[in-house]
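Reading through the structure tokens given below for one structure.
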Amino acid sequence: MNIDLLLRNGQVVFPYGGTIKADIGVSKGKIVGIYENTKELKADKVIDVGGKSVLPGMIDSHTHIGLGSNIENEYESESQSAAVGGVTTMMSYTNCRDSYDDHYRTEKKVGEEKSIIDFALHFGFMNNIHLKEIHHYIEELGVSSFKFFMNFRGEEGKYLGVEGIDDGYMFDLFVALSHYPESCAVVHAENIEVAWRLSGRLRAEGRDDLLAWTESKPHFIEAEAIQRALFYGEIANCSVYIAHVSTRDGLQVIRDYKQRGKKAYCETCPHYLMFHAGSGLGSLGKVNPPLRSSEDTEALWRGISEGLVDTIGTDHCPNPRETKTGDIWSARPGFPGSATMLPILLSEGVNKKRISLERVAEITSCNTAKIFNLFPRKGTIQVGSDADLCIVDLNLSKKVEAKMLQSQSDFSLYEGWDLKGWPTLTMVRGKIVMKDGGIVGPKGHGRYIPTIQ
Ligand SMILES: [Zn+2]
């Protein structure tokens, strides 16, 4: 057999399978062999990995491509930034007010022209048109995950064109999805009615600080909303994926459902692991859900190591720094995160002995691929899978500068941090797109990947 590319001398990390010294053969974008010894094997190109770790490419389960400027710019810039962080597939939440048909076709086309890594889409569910067309989205457009914003009711959702959504709408969505066992509802869990009253009081008191933002959306409004979503999901027999879980109490609710064998999935984000509301970030740290307490961050790390947290997504929003200024109530929520997801998990997780490298591969790749039906094409290292690989050097230390992360955004929450553990090579379907922090892959290499067959 002709082998296009051979990766020699890697410590290959198999999710749920341990780490083994092996060589990986790649042909026509696929993994064609995993070998103990390739001395006799011929390949067009050989890369000596030099004992570094080889992981399945990262899948960022949660990005917002287009939210900072437009999709034309961001499929290019943010896919490059993601590749710096070892991400080979980004899943983006796309939103539109009308039918998704044209919107989907445009986004797929732009993504395939601009992105250097593969991408998949989650659709935001915002009105009755979407609910009516859900079968079409699943069966014809190949999308299986739909986001419901429990917080976008009333005035809160108007600026996005969200109309008439409430718990009844959520229940109808769950019932519709129950006919498709491979689909799932992604939920932003937050009781906004309580938040409105609390924020009204805090603003009247003249509060203007990051802690006030957190106090306006306390931990119990997340936990209660998770409880409500999972309860209705259970009644409707629909899989519910709770996005960006930020609290210990929220995790506890999910633990109860999982222990009863219910179809509940849990995602958290690096910023909830690394910062609490008093971390001194000011309005730069404004995000929704807000940053929490150090007890919550510890509970989330524990949730990862215990296997309760299924995935890590970044909630990547490539906002420029200027949108993060002003008072805390008017600053834009969200910040970039794709490029630093893996370095954070390596530096603060693996190198500080909180979690294993296998666990990193599970929560950033394998589990995400399984939940969103990308497995075994993505999310693993096995013969027949796409050659989406990430080589990491656990001993490489670098100081974070926004510029090296190559996002359209001009800041990072981790600016000035010394992180130990970085990806040194990112490969998407056999093509090297990032090497030693530099982008080498061509734009337009990325392909749209359906999340249901
Ligand atoms: Zn988000």
Side-chain angles (χ1 to χ4, degrees), residues 58-69 71 74-75 78-79 81-82 85 87 89-96 107 119-126 130 143 145-153 156-157 159-162 165 170 184-190 192 195 213-214 217 221-222 225-226 229 240-247 250 265-275 284-292 300 309-320 323-324 331-341 363-364 368 371-372 407-409 412-413 451:
M58 306 291 106
I59 302 170
D60 189 345
S61 59
H62 193 150
T63 67
H64 294 276
I65 301 303
L67 214 63
S69 59
I71 56 171
E74 293 178 20
Y75 268 102
E78 304 319 297
S79 69
S81 182
V87 176
T89 303
M90 56 186 183
M91 304 189 72
S92 183
Y93 285 94
T94 190
N95 291 321
C96 87
E107 183 141 355
F119 61 97
L121 295 173
H122 311 282
F123 284 180
F125 256 43
M126 304 167 73
H130 298 159
V143 172
S145 50
F146 304 96
K147 187 164 188 185
F148 181 75
F149 297 88
M150 294 175 87
N151 55 326
F152 277 176
R153 58 190 63 190
E156 200 76 14
Y159 81 101
L160 278 173
V162 180
I165 67 166
M170 177 173 78
C184 81
V186 177
V187 171
H188 175 117
E190 183 177 21
I192 197 67
W213 175 248
T214 297
K217 295 164 174 285
I221 71 167
E222 175 175 273
I226 292 175
V240 179
Y241 177 99
I242 309 291
H244 47 50
V245 175
S246 61
T247 60
Y265 300 114
C266 169
E267 170 196 89
T268 191
C269 315
H271 43 274
Y272 301 118
L273 298 169
M274 298 316 302
F275 297 103
L284 217 54
K286 181 178 175 183
V287 62
N288 196 24
L291 300 175
R292 304 293 182 180
L300 290 165
V309 171
D310 296 290
T311 66
I312 301 275
T314 62
D315 211 348
H316 178 90
C317 295
N319 292 327
T323 63
K324 304 290 292 178
R332 195 190 281 177
F335 31 67
S338 273
T340 43
M341 170 171 76
I363 56 174
T364 57
T368 318
I371 293 167
F372 297 110
S407 166
Q408 161 192 276
S409 188
S412 163
L413 296 187
T451 55

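Predicted, not measured: the structure shown is a model, and the values here were computed from it. Just so it is clear, the values below take in all heavy atoms, side chains as well, and ignore hydrogens, waters and symmetry mates. Atoms within each ligand, like the ligands themselves, are counted from 1 in listed order. The first residue in the sequence is number 1, and the count goes up from there.
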Q.
So, with waters excluded, how many protein N/O/S atoms does the Zn ion (ligand 1) have closer than 2.8 Å?
A. 3

Q | Distance flag, aromatic centroids of Phe125 and Phe148, threshold under 6.0 Å | A | no

Q | Check: His271 ring centroid to Phe335 ring centroid under 6.0 Å | A | yes

Q. Side-chain contact, heavy-atom cut-off 4.5 Å: Val240 with Ile242?
A. yes

Q | Partner residues of His62 under the side-chain hydrogen bond (donor to acceptor under 3.5 Å, both in side chains) criterion, sequence neighbours left out | A | His64, Glu267, Asp315

Q: Return yes if some donor-acceptor pair links the side-chain N/O of Tyr272 with the main-chain N/O of Pro289 below 3.5 Å, else return no.
A: yes

Q. Roughly how far apart are Asn95 CG and Met126 CE, rounded to 0.5 Å?
A. 4.5 Å

